[in-house]
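What follows is a short report on a single structure.
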Amino acid sequence: MNRRVQHPSPEMGQSVSAVEQILGYNFTNKRLLEEALTHPSCTESASYQRLEFIGDAAVSLALSNYFFLANPGVDPGTLSLLRSANVSTEKLARVAVRHGLYHHLRHNAPALLNKVREFAEAVGGEDETPLVYGGPVKAPKILADIVESVAAAIYVDLNFDLEKLWMIFRGLLEPIVTLEDLQGQPQPVTMLFELCQKHGKHVDIKHWRDERKSIASVYVDGEFVASGSSEHKEFAKLDAAKVAVDKLSSSMTLNDESFEGVVLMDGSFHIEEAKQKLHEICDQKKWPRPIYHMEKDEGPSHEKRFMSSVKIATIDGVLYMKGDEKSRVRDADNSAASLMIRALQEYRYI
């Protein structure tokens, strides 16, 4: 049975058409999309709050199905982390910026624009590599709300057909955070404990839950440092740890002894956990995160050889360093990071 097309209000007609183009989907009930693009500050119209509620659940379930099928044999805890990484505020806010959804939000809250604009400018300088744990500018929740609400509008318009929603919406979420992305980026909780351990500090992370969100608070030597919240307990913890690392990095001096390297038997220079330590240096210096590139990937599967390079943007310009050949991607990245740290020491950046 064909449903009758419901048109948006005249003031939102242009925005609704523009978002339909972004999505590659034409709504039957265009009022749903209008509602999804309306902030609660517009009290004379229905806002996106109800749609956001169902959009969060629909996107989470669609991603759960995807990761379950795409990762046979992966344990439930890792599947949960993968899902959480792809529905986090940081991830969804980047979706809203990269596809320009936020330009079409109807609101009466001018103060929101400054935060959104600052975040959009920061995201504009990132590459396409999924940023699992966020960047230097905290993502405004309103941007993630828009994405969840638009997803819900599609879902309801499709008469709650989850498979069709995924077919339409998956492209918007690309690049999807993968298991390799999770493993390849320094984890904020690990960074927090290692940073504090170097300085003889004790870390305690406490959790509780209010009506809708999990809340995590970081205490160092019994003193409150930072908190984070999310509907997912693990990401509340990650958010709190990231804020704590940012705060503590500016007050704690990184231990130079941790950057001591050794020459391996193959003649290459090596610093233990150099990739993570380079990330810590950039955090302390307020530089953008290091960007790694695979320069070489050669040989048969049983004799693969890899070579990575790394770039860092400093106040003096972009620094570039190529690593030594290695048999594993992880070791190739670590080699490039080791040589970059040595160069930073030689040129007295650290």
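Bear in mind the structure is a predicted one, so any value in this text is a computation, not a measurement. These values consider heavy atoms only, across backbone and side chains, with no hydrogens, waters or symmetry-generated copies.
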Main-chain N/O of Leu101 paired to His99 side chain as donor or acceptor, under 3.5 Å:
no
Taking all atoms of both residues into account, what is the closest heavy-atom pair of Asp333 and Ser308, and its distance?
OD1-OG, 2.6 Å
Val310 reachable from Tyr320 in the ILVMFWY side-chain graph, under 4.5 Å edges
no
For Gly323 and Met307 the tightest heavy-atom approach is O-CG, 3.4 Å
Answer yes or no: is there a side-chain heavy-atom contact under 4.5 Å between Leu105 and Tyr48?
yes
Can you tell me how far OG of Ser327 sits from NZ of Lys304, rounded to the nearest 0.5 angstrom?
12.0 Å
Minimum heavy-atom distance Phe119-Ala93, with the two atoms named
CE2-CB, 3.7 Å
dist Lys311:NZ -> Met321:CE (nearest 0.5 Å) comes out at 13.5 Å
What verdict does the side-chain contact (heavy atoms from CB on, under 4.5 Å) test give for Val150 and Leu33, after you've listed the backbone C-alpha separation in whole Å, the side-chain angles of each residue and the deciding distance to 0.1 Å?
CA-CA 6 Å; Val150 169; Leu33 184 53; 4.2 Å; yes
Same cluster or not: Ile341 versus Leu319, using hydrophobic residues (I, L, V, M, F, W, Y) connected whenever any side-chain heavy atoms lie under 4.5 Å apart?
yes
Can you tell me if Asp181 uses its side chain to pair, donor with acceptor, with the backbone of Thr178 under 3.5 Å?
yes
Common cluster, Ile168/Val59, ILVMFWY with side-chain heavy-atom separation under 4.5 Å
yes
If the condition is salt bridge (Lys or Arg N to Asp or Glu O under 4.0 Å), which residues does Glu11 pass it with, not counting sequence neighbours?
Arg106
Take Arg328 and Asn334, measure what side-chain contact (heavy atoms from CB on, under 4.5 Å) needs, and give me the verdict at the end.
CA-CA 10 Å; Arg328 297 191 306 172; Asn334 199 79; over 6 Å; no
Under a 4.5 Å cut-off applied to non-hydrogen side-chain atoms, are Phe27 and Ile154 in contact?
yes
Ser88 and Ala85: which non-hydrogen atoms are nearest, and at how many Å?
OG-O, 3.4 Å
Any donor-acceptor pair under 3.5 Å linking the side chain of Ser338 with the backbone of Ile271?
yes
For the backbone of Ser80 and the side chain of Ser84, can you confirm whether one donor and one acceptor N or O come within less than 3.5 Å of each other?
yes
Are side-chain heavy atoms of Thr78 and Phe67 found at a separation under 4.5 Å?
no
Parallel, tilted or perpendicular: ring planes of Tyr66 versus Trp166, cut at 30 and 60 degrees:
tilted
Applying a strict under-4.5 Å side-chain criterion to I, L, V, M, F, W and Y, I'd like to know whether Val225 and Val243 cluster together.
no
Would you give the length of the straight line joining atom CG of Leu248 to atom SG of Cys196, rounded to the nearest 0.5 angstrom?
5.0 Å
Using a 4.5 Å cut-off on heavy atoms from C-beta on, say whether the side chain of Val147 contacts that of Leu143.
no
How would you list all residue pairs meeting salt bridge (Lys or Arg N to Asp or Glu O under 4.0 Å) that involve residues 161-173, not counting sequence neighbours?
Arg170-Glu174
Please assess His279 against Asp283 for the test side-chain contact (heavy atoms from CB on, under 4.5 Å), listing each intermediate value before the final yes or no.
CA-CA 6 Å; His279 194 281; Asp283 270 354; 3.6 Å; yes
For the pair Ser17 (side chain) and Gly13 (backbone), establish whether a donor and an acceptor sit closer than 3.5 Å, ignoring hydrogens and angles.
yes
Any salt bridge linking Glu34 with Arg31? Criterion: basic side-chain nitrogen under 4.0 Å from a carboxylate oxygen.
yes
Distance alone, cut at 3.5 Å: any donor-acceptor contact between the side chains of Tyr25 and Asp157?
yes
When you compare the side chain of Ile312 with that of Ile281, does any pair of heavy atoms fall below 4.5 Å?
no
Output for pair (Ile146 CD1, His107 NE2), nearest 0.5 Å, gives 9.0 Å
Heavy-atom count check: over 12 atoms from other residues, nucleotides or ligands less than 6.0 Å from Met167 CE?
no
Are any non-hydrogen side-chain atoms of Glu194 and Glu273 less than 4.5 angstrom apart?
no
Would you mind checking if Lys242 and Glu90 are paired as a salt bridge, meaning a charged N to carboxylate O distance below 4.0 Å?
no
Would you check if the side chain of Lys201 reaches a backbone N or O of Leu195 as a donor-acceptor pair within less than 3.5 Å?
no
Check whether any side-chain heavy atom of Pro140 lies under 4.5 Å from a side-chain heavy atom of Leu112, and answer yes or no.
no
Pairwise distance CG(Leu179) to CG(Asn71) - rounded to 0.5 angstrom
6.5 Å
Of all the heavy-atom pairs spanning Ala244 and Val218, show the shortest one and how long it is.
CB-CG1, 4.0 Å
Could you give me the CA-CA distance, side-chain angles and deciding distance for Asp324 and Leu339, then say whether side-chain contact (heavy atoms from CB on, under 4.5 Å) is met?
CA-CA 9 Å; Asp324 295 312; Leu339 292 171; 4.2 Å; yes
Does Thr89 use its side chain to pair, donor to acceptor, with the backbone of Ala139 at less than 3.5 Å?
no
Please determine whether the number of non-hydrogen atoms from other residues, nucleotides or ligands lying under 6.0 Å from atom CD of Glu295 exceeds 12.
yes
Is the shortest heavy-atom distance from the side chain of Leu172 to the side chain of Ile22 under 4.5 Å?
yes
Between Ile176, Leu81, Val95, which is the residue that forms a side chain to side chain contact (heavy atoms under 4.5 Å, CB included) with Asn86?
Ile176
Is a side-chain donor or acceptor of Lys30 paired with a backbone partner of Val16 at a separation under 3.5 angstrom?
no
Separation between CG of Asp239 and OG of Ser229, rounded to the nearest 0.5 Å:
6.5 Å
In terms of heavy-atom contacts, Ala36 and Leu51 come closest through N-CD1, 3.7 Å
Ile205 reachable from Phe224 in the ILVMFWY side-chain graph, under 4.5 Å edges
no
Please check if the side chain of Asp297 supplies one atom and the backbone of Phe306 the other of a donor-acceptor pair under 3.5 Å.
no
